[in-house]
Engineer: 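Quick one: the structure is below, and I'll ask about it shortly.
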Amino acid sequence: MSSLKRFLATVSLYAVAPIGVIGLWWAAASLVDSSFFPEPQAAFTSLIRAFGFETFRESVAVTLRTLSIAFALSASIGLLVGLLAGTSRKLQTLLSPILHMLNAVPKIVFFPIFLLILGLNETSRVVFAVFSGTFIVMIVVMSATSNLAPRYYKLIDVYRLNRLTAWRMVIFPALLPHMLSALRLCLAFTFIGLIIAELLSGTYGLGGEILGRMRLVKLGEITGIVGLIVMIAVVPVMLLRGIEEKVRKKYAPSPGRT
Amino acid sequence: MLVARSRLLTWLTQNVMRHMGVIAMFLVLIALIEVGARTEVFGAHVLVPSADMVRGMIDIMGAGDGWEKSILPTVSATLAASALAIPFGVMIGALLWWSSGVRKVCEPYLVVLPAIPVFALYPMFIIVFGQSNTALILTGALLGVVPMLTQTLTGLDSLPPYIERLGRVYGLTWLQRARMLFLPAISGALTTGLRVCTAYAAVGVVASEMVLSSRGLGHFIGVSYDRFDLKGMYGAILVVLLGIAIIYGVIGLIERQLEYREGVGR
């Protein structure tokens, strides 16, 4: 019973902010009463109506497919390079400033170069999304691996674990919370990169759908699509955050047992 | 004179050694660009020699037209977006710190705020406000407000409890406490927020200009791409990168000065 109560309390806590935002939106739209400011229900019905068209469903599928491919690529490249750089001092010294610099530059300005090299197709959008999301994984995983507490290495020495067992039983569980945190950021940045790429390409995915409707001044439908994009961005990131917290609780060392 | 020269030499050697990776990357990048532009690897329709890129940048920065139609509109929109994002970010951050109820409700969503693709709102702003600076500024401001908010909250969370007690002991009003105690105490976090906020606002403005605009550096990049004017496109990209580097450099310098002053104070 107490766990059910806790669950309900958490759910209601999570629900307050979206309900508040929708309430404010509805109140403001009713107050303004203009076709340039659609009410939430108008945006929602427009979105449902848009799902009736096959082209729109295809665009949603294109965005989700491209996001999945790009996320899988940027996460695996980022994890691999981050782990390699984190375990080698020399590689870290060489890569760390480069990765920090690449992470700080505004990647959007490079999109036309991707278009020139790869063409106006799905490949350029995937590669640009990977470019947007992979560096943050490399940085987080590299710094987590290189800053792993010495007690873990002592543990490996004491139990005389071989390399594989040490990685499986000590190092990987210790790195797991950081990896999940990196994956959460990676998903967010990859999706932002993808939406920018779709907006600039103009005809593909949900970004293309928004641009198409902008020319037709269909504000209700645009608002509905923006809501869908926000949902695609927020829900997986929140799920990853939940898993991250559970893993952190499971693997984080208890205070005083250092 | 000799001492000064040897100090300069030591400083140069230390910096070159420290940034060996970045210097090596730049050299490799320039070599790749040269090889790519002059051979069949990419060809002249994708890459231009690095000297042409720099020339393109100088052309934009040297021409009055380049300033008037490209650089100044982007800079002014970025400044306006930052001017909007900074006070809003600070105020929302302070509200979340001050009210535990509001924070409890908003906390689960703070972590997902950076994940929201704000750029998707730009077409909406264009319909509502027209193809004007307002749409650009709003997009830039929405992108910039998140780092400002999170940095303000981080700074206020890390305040030592004696700061608040000090305010109460001296009978300061809330405004006086904010001005005389809290703001100076979180100045480090605020400058970090300022740096990221301004850079994000600039990215938001340039990206929006690339999507749809009739002026600005983003528009220039888009138009140059459409016309296959690669020299102009790469030149404008270099101008944007230089601008972001200047933002990071100048605010980073202020940050270091503040850190130094805090150190001296201690």
Side-chain angles (χ1 to χ4, degrees), chain A residues 10 13-14 16-18 20 34 36-37 93-102 104-113 115-117 184-185 187-189 191-196 199-200 202 206-207 210-211 213-214 217-219 222-223 225-226 229-230 232-238 241, chain B residues 18-25 36 42 45-47 104-109 111-124 126-129 196 199-200 202-204 206-208 210-212 217-218 221-222 224-226 228 230 233-234 236-241 243-245 248:
Chain A
T10 314
L13 190 69
Y14 272 68
V16 173
S34 158
F36 284 119
F37 200 165
T93 317
L94 181 77
L95 283 182
S96 181
I98 299 172
L99 292 179
H100 278 96
M101 202 186 69
L102 282 171
V105 296
K107 291 158 198 77
I108 170 84
V109 291
F110 296 113
F111 185 63
I113 304 173
L115 284 182
L116 284 171
I117 297 171
R184 175 168 52 81
L185 293 169
L187 181 62
F189 290 160
F191 189 48
I192 291 175
L194 176 64
I195 290 295
I196 292 172
L199 279 170
L200 291 174
L206 287 171
I210 289 181
L211 276 190
R213 282 163 175 79
M214 184 183 78
V217 200
K218 289 186 171 176
L219 199 59
I222 293 178
T223 317
I225 298 170
V226 170
I229 288 175
V230 171
I232 295 173
V234 165
V235 173
V237 169
M238 286 191 93
R241 173 77 176 167
Chain B
R18 200 186 306 157
H19 300 292
M20 205 62 150
V22 179
I23 294 166
M25 190 195 73
F42 287 121
H45 65 286
V46 173
L47 272 175
K104 219 173 177 180
V105 168
C106 296
E107 189 120 61
Y109 293 95
V111 76
V112 295
L113 277 183
I116 296 171
V118 175
F119 299 100
L121 292 169
Y122 180 61
M124 269 171 72
I126 284 192
I127 294 178
V128 177
F129 301 106
V196 185
Y200 273 36
V203 172
V206 172
S208 308
M210 282 172 83
V211 174
L212 190 73
L217 281 166
I221 293 172
S224 305
Y225 165 77
D226 288 338
F228 282 103
L230 297 190
M233 188 189 90
Y234 284 109
I237 290 174
L238 286 183
V239 175
V240 174
L241 294 179
I244 299 286
Y248 272 104

Engineer: Could you tell me which portion of L212(B) (side chain, backbone, both or neither) has an atom closer than 4.5 angstrom to a non-hydrogen atom of chain A?
Structural biologist: side chain
Engineer: Pick one of side chain, backbone, both or neither for I116(B), based on which atoms fall under 4.5 Å of a heavy atom in chain A.
Structural biologist: both
Engineer: Verify the neighbour count for atom OH of Y234(B): are there more than 12 heavy atoms of other residues, nucleotides or ligands below 6.0 Å?
Structural biologist: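 Yes - once you tally the heavy atoms of other residues, nucleotides and ligands closer than 6.0 Å, there are more than 12.
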Engineer: Need one label for V226(A): side chain, backbone, both or neither, based on atoms under 4.5 Å from any heavy atom in chain B.
Structural biologist: side chain
Engineer: With a 4.5 angstrom heavy-atom cut-off, which part of V206(B) approaches chain A: side chain, backbone, both or neither?
Structural biologist: side chain
Engineer: Closest heavy-atom contact between I108(A) and P112(A)?
Structural biologist: O-CD, 4.0 Å
Engineer: Run I113(A) and M233(B) through side-chain contact (heavy atoms from CB on, under 4.5 Å) and show every step you take.
Structural biologist: CA-CA 9 Å; I113(A) 304 173; M233(B) 188 189 90; 4.0 Å; yes
Engineer: Under a 4.5 Å heavy-atom cut-off, does chain A meet the side chain of P123(B), its backbone, both or neither?
Structural biologist: both
Engineer: Is chain A contacted by the side chain of Y225(B), its backbone, both, or neither, given a heavy-atom distance below 4.5 Å?
Structural biologist: side chain
Engineer: About how many Å separate CG of L217(B) and CE of M210(B), when rounded to the nearest 0.5 Å?
Structural biologist: 11.0 Å
Engineer: Give the member of I117(A), I195(A), V16(A), T223(A) that has the highest number of heavy-atom pairs under 4.5 Å with chain B.
Structural biologist: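 Of I117(A), I195(A), V16(A), T223(A), I117(A) has the most heavy-atom pairs under 4.5 Å with chain B.
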Engineer: Applying side-chain contact (heavy atoms from CB on, under 4.5 Å), run through F119(B) and I210(A) and close with a yes or a no.
Structural biologist: CA-CA 11 Å; F119(B) 299 100; I210(A) 289 181; over 6 Å; no
Engineer: Top residue by heavy-atom pair count (under 4.5 Å) with chain A, among L113(B), V196(B), V111(B)?
Structural biologist: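 Among the listed options, the one with the most contacts to chain A is V111(B).
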Engineer: Go through the atoms of V240(B) and report whether side chain, backbone, both or neither lie under 4.5 Å from a heavy atom of chain A.
Structural biologist: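 The answer is the side chain of V240(B).
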Engineer: List the atom of M124(B), the atom of I222(A), and the distance in Å for their closest heavy-atom pair.
Structural biologist: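 What the structure gives for the nearest pair is CG-CG2, 3.4 Å.
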Engineer: Only pairs of heavy atoms separated by less than 4.5 Å count here; which of L115(A), V105(A), L194(A), I225(A) has the most with chain B?
Structural biologist: L115(A)
Engineer: Check V105(B) against A17(A) and note the closest heavy-atom contact, atom names and distance.
Structural biologist: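 That closest heavy-atom pairing would be CG1-N, 3.7 Å.
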Engineer: Is it the backbone or the side chain of I221(B) that comes under 4.5 Å from a heavy atom of chain A, or both, or neither?
Structural biologist: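 Only the side chain of I221(B) comes within 4.5 Å of chain A.
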Engineer: Looking at CG of L199(A) and CG of L206(A), how far apart are the two atoms once the value is rounded to the nearest 0.5 Å?
Structural biologist: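 It is 10.0 Å, given to the nearest 0.5 Å.
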Engineer: Is Y122(B) close to chain A through its backbone or its side chain, or both, or neither, when contacts mean heavy atoms under 4.5 Å?
Structural biologist: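 For Y122(B), no heavy atom lies under 4.5 Å from chain A.
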Engineer: Which heavy atom of L187(A) sits nearest to which heavy atom of P236(A), and what is that distance?
Structural biologist: CD2-CB, 3.4 Å
Engineer: For L211(A), is it the side chain, the backbone, both or neither that has a heavy atom under 4.5 Å from a heavy atom of chain B?
Structural biologist: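 For L211(A), side-chain heavy atoms alone lie under 4.5 Å from chain B.
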